[in-house]
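A short worksheet on the structure shown next.
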Amino acid sequence: MSTSFRFLGAAGFEIVGPRYRILIDPFLTGNSFAPVSHQELERPDLILVTHAAYDHLGDAAALALRTGAPVACGGDVRHLLMDDGVPSGQIQASIWGVVIKIGDIVIRPVECHHWSMSKRKNGDVLSGTPLAFIFETEPGVRIYHYGDSSYFDMRFIGELYQPTVGLLGCSQPYELVPPVPQAGEELSGELDPEEAARVAEMLGVKVAVACHYFTHNDDTKRFLERVPVHDRSGKRQALAPLPGETFVIDSSGLVERDPARVN
Amino acid sequence: MSTSFRFLGAAGFEIVGPRYRILIDPFLTGNSFAPVSHQELERPDLILVTHAAYDHLGDAAALALRTGAPVACGGDVRHLLMDDGVPSGQIQASIWGVVIKIGDIVIRPVECHHWSMSKRKNGDVLSGTPLAFIFETEPGVRIYHYGDSSYFDMRFIGELYQPTVGLLGCSQPYELVPPVPQAGEELSGELDPEEAARVAEMLGVKVAVACHYFTHNDDTKRFLERVPVHDRSGKRQALAPLPGETFVIDSSGLVERDPARVN
Amino acid sequence: MSTSFRFLGAAGFEIVGPRYRILIDPFLTGNSFAPVSHQELERPDLILVTHAAYDHLGDAAALALRTGAPVACGGDVRHLLMDDGVPSGQIQASIWGVVIKIGDIVIRPVECHHWSMSKRKNGDVLSGTPLAFIFETEPGVRIYHYGDSSYFDMRFIGELYQPTVGLLGCSQPYELVPPVPQAGEELSGELDPEEAARVAEMLGVKVAVACHYFTHNDDTKRFLERVPVHDRSGKRQALAPLPGETFVIDSSGLVERDPARVN
């Protein structure tokens with residue numbers, strides 16, 4: 001048994017395990033590095049949306065409408081999806097701690113220290129609660145998606161829920177042009193590489209996977225350097241996939257990666 | 001001197017101490033396990049509302065309107081109460097850390113990691129800040145109500161404010177039918193029994209009281225099992241009251257409980 | 001080289017370093033203790049707003065409009081500023097962890113445990129994410145502004161970002177009349193003096209500066225008493241400036257304070 005991960009760019013992953021297919025933060029339209037369009041994606045069993053930022057919410061509504069797949073998300077994202085025509089009964093809203101089951105899939109939302117701010121179709125500004133997620137695709141493959149969290153003491157997440165794979169932001173999709181003019185520029189993502197490497201150690205994951213970027217950059221390079229520095233297990237694997245790259249993980253760790261990848 | 005607690009179901013308690021009567025999260029209408037209707041409750045000296053969820057906000061507005069009792073809550077709940085006709089001058093909004101005094105009652109709002117999301121009468125979605133509360137009813141009886149928080153490192157709350165009684169969610173009022181159709185189901189409350197037992201230890205309470213349910217279930221059973229496991233004081237008392245049950249606590253701990261209760 | 005700080009009352013500071021002038025939370029109109037009107041302030045290179053509370057947002061919009069200075073803030077404050085006519089391109093919104101650069105100034109927003117709630121001109125209630133800030137005015141002068149945070153475990157902020165100066169609330173601007181009638185009164189600020197003194201130690205600052213008040217009171221007195229109690233460095237300097245007072249800090253610590261001050 002094994003679970004494959006296809007990186008879609010930004011914080012998006014298509015995860016296919018022995019029992020189900022999950023899409024997380026599927027941002028494809030407007031992502032010029034996306035390996036597929038949302039129309040080309042196979043029907044997932046579940047779509048997870050961590051928060052309302054456009055590079056995370058992405059094509060979730062369109063995918064839900066086309067495929068009928070259920071969506072798990074926070075309460076504000078539920079409103080946004082419904083504004084786009086997704087029926088309430090196709091959505092499961094939840095919050096930190098409240099474990100949910102959609103079909104056969106069990107999802108644990110965990111704390112994410114970030115914002116979730118959006119504008120509804122009627123112009124209202126909406127503020128909600130961002131989520132990180134933990135779920136198991138097979139015995140020994142427990143995936144943590146950071147949901148764009150900033151750094152905080154996550155040791156309790158490691159201790160109580162023992163994820164084995166961490167999908168961890170370490171950078172910013174700098175290539176995106178902000179949707180509104182801004183006075184300055186961003187120099188980092190919510191987690192920088194040093195912080196992400198420390199998070200990997202706090203969580204105790206076997207495999208630390210970088211995300212929240214489109215292309216390799218100084219951040220992804222530093223992520224690969226810093227993960228081993230903070231690794232007290234001596235066995236942590238680190239990778240920084242490129243959009244479109246697929247890698248395979250089982251209960252022993254990373255077992256296969258796209259032969260085309262460079263670093 | 002002693003303080004009596006009547007459990008109202010969900011996270012609701014009527015607490016009567018030597019000097020005043022406090023209602024917390026009085027959810028009665030729509031709660032088929034409620035031991036009383038909101039019309040039957042005696043006038044409290046203060047109503048505390050932890051956040052806007054309907055099973056916590058409950059009958060707070062109706063009670064405030066009928067009895068004239070003041071309400072302490074977060075800023076979003078203040079708007080909801082005012083939408084229902086409660087005058088601004090009857091409400092004290094506060095936030096984590098800002099200790100407030102209403103009449104003779106001193107209330108310390110503390111961090112609660114959750115959401116507080118609601119829809120106003122005009123259809124606007126409202127997002128606010130959930131609260132947990134600490135207050136003292138008599139010397140040595142300092143009550144912590146968790147306000148539907150998820151798990152986080154609460155040791156500083158124990159160290160700095162030293163609650164002696166913890167009203168701790170460990171389950172979910174599973175009998176409630178969600179107000180909107182959802183794609184899946186909930187498998188736990190914001191705190192599960194293991195987490196709640198750890199919280200009791202972090203806070204250092206003498207008495208750990210389960211809540212956030214209507215009936216005894218696997219969660220309440222496990223709460224009673226796990227509290228002693230995490231108890232380094234060797235003296236922590238645990239109970240899981242049923243709606244309508246009253247128990248009495250003084251500075252030495254639990255001194256009396258409803259003889260009708262089973263486990 | 002040195003950096004001067006002028007306390008404006010509440011949480012407001014005008015900070016002038018070797019390379020730039022920064023205003024934080026400039027609340028002057030409605031602040032009867034303000035040493036200057038907003039019209040008298042020199043053009044800053046950057047205005048920082050921690051959250052939407054009126055005693056923090058203050059005159060930010062008027063200052064931005066008069067001087068053209070850029071503003072860094074959270075997403076909700078961005079909407080408020082734009083409602084007041086500040087162009088989007090003059091604002092940089094950010095969130096915990098996302099380091100931003102405006103002109104030559106690098107700003108790190110960090111976690112702030114509080115609320116940010118306001119009413120827009122159209123009557124909508126707006127909820128956002130409060131910020132604390134860290135920035136360096138010269139080598140060895142790294143300033144942390146608490147942004148009205150309540151107490152939490154900030155050791156990671158000390159460890160990772162090593163601020164040398166802490167601008168820390170320890171009280172409440174009690175003289176302000178609340179904008180709406182309330183049922184009770186406030187007995188403390190978001191941080192009380194004991195908590196603020198512990199925060200100074202967690203951050204490891206050389207200089208702990210009290211704020212979030214207008215006049216000396218029991219809180220400011222206790223802040224000066226408690227900072228040394230929690231100081232394991234044995235060298236921490238503490239001060240509680242009065243509105244209008246200016247003090248000077250360099251990489252060695254506090255080097256000069258207004259000769260007119262009393263305690």
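Throughout, protein chains are lettered first and strands after them, A, B, ... in sequence-line order, and every chain is numbered starting at 1.
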Can you tell me if S94(A) uses its side chain to pair, donor with acceptor, with the backbone of V98(A) under 3.5 Å? yes
Would you confirm whether D148(A), through its side chain, and A11(A), through its main-chain N or O, come within 3.5 Å as a donor-acceptor pair? no
Side chain, backbone, both or neither: which part of [X] has a heavy atom under 4.5 Å from chain A?
| X | result |
| --- | --- |
| S88(C) | both |
| I91(C) | backbone |
| N122(C) | neither |
| A93(C) | both |
| V110(C) | neither |
| Q90(C) | backbone |

Tell me if the aromatic rings of F133(A) and Y144(A) count as close, with their centers under 6.0 Å from one another. no
With ring centroids as reference points, do Y213(A) and F7(A) lie under 6.0 angstrom apart? yes
Quick check on the interface: out of [options], who has the most heavy-atom pairs with chain C under 4.5 Å?
| options | answer |
| --- | --- |
| Q172(A), R198(A), E195(A), Q182(A) | Q182(A) |
| S150(A), S116(A), G128(A) | S150(A) |
| P178(A), G189(A), G184(A), A183(A) | A183(A) |

For residues M1(C) and P18(C), report the shortest heavy-atom separation together with the two atoms involved. SD-CG, 3.6 Å
Shortest non-hydrogen contact from G30(A) to L176(A)? O-CD2, 3.9 Å
When P87(C), G75(C), A72(C), G97(C) are compared by non-hydrogen pairs under 4.5 Å with chain A, the top option: G97(C)
Side-chain donor-acceptor pair under 3.5 Å between E190(A) and H113(A), yes or no? no
